[in-house]
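Below: the structure, in structure tokens.
None of the values given here were measured: they were computed from a predicted structure. What you see below is based on every heavy atom in this structure, not just the backbone, and it leaves out hydrogens, waters and symmetry mates. Order of the sequence lines fixes the chain letters, A, B, ..., with proteins taken first and strands second; residue numbering starts at 1 for each chain.
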2 protein chains.
Amino acid sequence: MTKVELCEVEVVDREAVERVQASQAPEEELDHLAATFQMLASPTRLRMVEALAGGELCVCDLAAVVGVSASAVSHHLRQLRQMRIVRFRKAGRMAYYRLDDEHISELFGTGLEHVRE
Amino acid sequence: MTKVELCEVEVVDREAVERVQASQAPEEELDHLAATFQMLASPTRLRMVEALAGGELCVCDLAAVVGVSASAVSHHLRQLRQMRIVRFRKAGRMAYYRLDDEHISELFGTGLEHVRE
DNA sequence: TGAACATATGAAGGAGTATTCATATGTCAA
DNA sequence: TTGACATATGAATACTCCTTCATATGTTCA
């Protein structure tokens with residue numbers, strides 16, 4: 001029996017451990033949530049989110065705001081789309097992006113409050 | 001003049017770009033915010049945060065809840081401490097951790113709402 | 001004091017990520 | 001229809017991160 005197994009078995013407060021374990025969200029939900037926060041874990045993408053909080057923008061203008069290439073922005077936008085952080089509408093050859101819902105700006109705002117305090 | 005420079009200069013909606021750029025948070029704040037979200041971008045740390053949302057726990061019990069070694073948990077806790085996601089009190093050789101403030105569970109809750117909808 | 005223990009930390013390997021470059025797709029305008 | 005353009009995407013490289021293993025620190029108890 002290794003030390004690791006001991007540590008998992010000989011908990012200090014077994015009741016608390018079991019209670020907390022029982023209330024944990026399902027694994028796929030936590031994976032999804034982690035992937036969502038991962039999208040907000042990049043200064044470039046945060047700039048994009050902050051920019052879109054002010055209204056929709058096309059890819060080119062978004063690239064200008066955050067100061068990276070349109071290619072890089074497009075790669076980021078695909079990820080943000082996949083995690084439903086942003087959605088977009090096509091208008092001819094342009095694509096206008098906006099935040100998906102109010103949860104996103106709420107996350108941004110709460111996070112900013114936290115780092116500012 | 002390269003294509004990238006063109007794309008940065010020839011924006012579609014110059015006024016929008018300048019307005020949005022002017023309202024962007026300072027760089028060090030966005031870096032800090034990105035690092036904060038990074039802390040929430042791991043299923044293991046999210047489990048830890050969710051566990052601590054139910055009250056304080058010692059390192060060993062936290063390791064038991066999330067199912068990783070005490071060493072791994074300790075490494076994570078150090079990062080979470082540095083970003084002020086958690087704080088702790090020492091009691092003899094034990095260390096009891098809790099969430100730093102209500103922003104953290106708010107972020108967790110808002111994020112969970114988003115992925116569940 | 002010395003052994004056992006809870007926690008902390010340094011180093012390292014393997015996995016994942018961001019950006020760039022090159023190119024593809026689809027749209028507009030001449 | 002052809003050329004220019006906005007956006008999208010695949011591949012590759014450089015970079016960062018998570019976990020494990022080994023070890024250190026500090027505390028309790030015999």
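The closest side-chain heavy-atom distance from L40(A) to F108(A) is not below 4.5 Å.
Residue Y96(B) is out of contact with every strand shown, counting any heavy-atom pair closer than 4.0 Å.
Of the candidates dT20(D), dC18(D), dA8(C), the closest approach to any side-chain atom of Q79(B) belongs to dC18(D). For M94(B), taking side-chain heavy atoms from C-beta onward, the closest of the listed nucleotides dT19(C), dT7(C), dT7(D) is dT7(C). With dT7(D), dA8(C), dT7(C) as the candidates, the nucleotide lying closest to the side chain of C58(A) is dT7(D).
For R78(B), no side-chain nitrogen or oxygen approaches OP1 or OP2 of dC18(D) to under 4.0 Å. Of the side-chain N and O atoms in Y97(A), one or more sit less than 4.0 angstrom from OP1 or OP2 of dA8(D). The phosphate of dT19(D) (OP1 or OP2) has a side-chain N or O of T44(B) nearer than 4.0 angstrom. Put simply, S74(B) has no side-chain N or O that comes within less than 4.0 Å of OP1 or OP2 on dT7(C).
Under the 30°/60° scheme for interplanar angles, the aromatic rings of H103(B) and H114(A) are found to stand perpendicular.
In this structure, the side chain of R45(B) engages the main chain of M39(B) through a donor-acceptor pair within 3.5 Å.
When all heavy atoms of G54(B) and R19(A) are compared, the closest pair comes out as O-NH1, 4.4 Å.
For E15(A), the CD atom sits in a loose shell: 12 or fewer heavy atoms of surrounding residues, nucleotides or ligands are nearer than 6.0 Å. Within a 6.0 Å sphere centred on CD of E27(A), heavy atoms belonging to other residues, nucleotides or ligands number 12 at most.
Taking a pair as Watson-Crick or G-U wobble with both distances under 3.5 Å, DNA chain C forms stems of 3 or more consecutive pairs at C:1-30 with D:1-30.
Donor-acceptor pairing under 3.5 Å, judged by distance alone, is present between the side chain of S71(A) and the base of dC21(C).
For the pair H75(A) and dT9(D), the ring geometry qualifies as stacking, because the centroid separation is below 5.5 Å while the planes lie within an angle under 30°.
Nearer the 5' end of DNA chain C, as judged by each residue's closest nucleotide, is the contact made by A95(B), out of A95(B) and R93(A). DNA chain D is contacted by both M39(B) and R81(A); R81(A) maps to the nucleotide lying nearer its 5′ end (nearest heavy atom per residue).
Going from atom CG of L80(B) over to atom P of dT9(C) covers 13 Å, rounded to whole Å.
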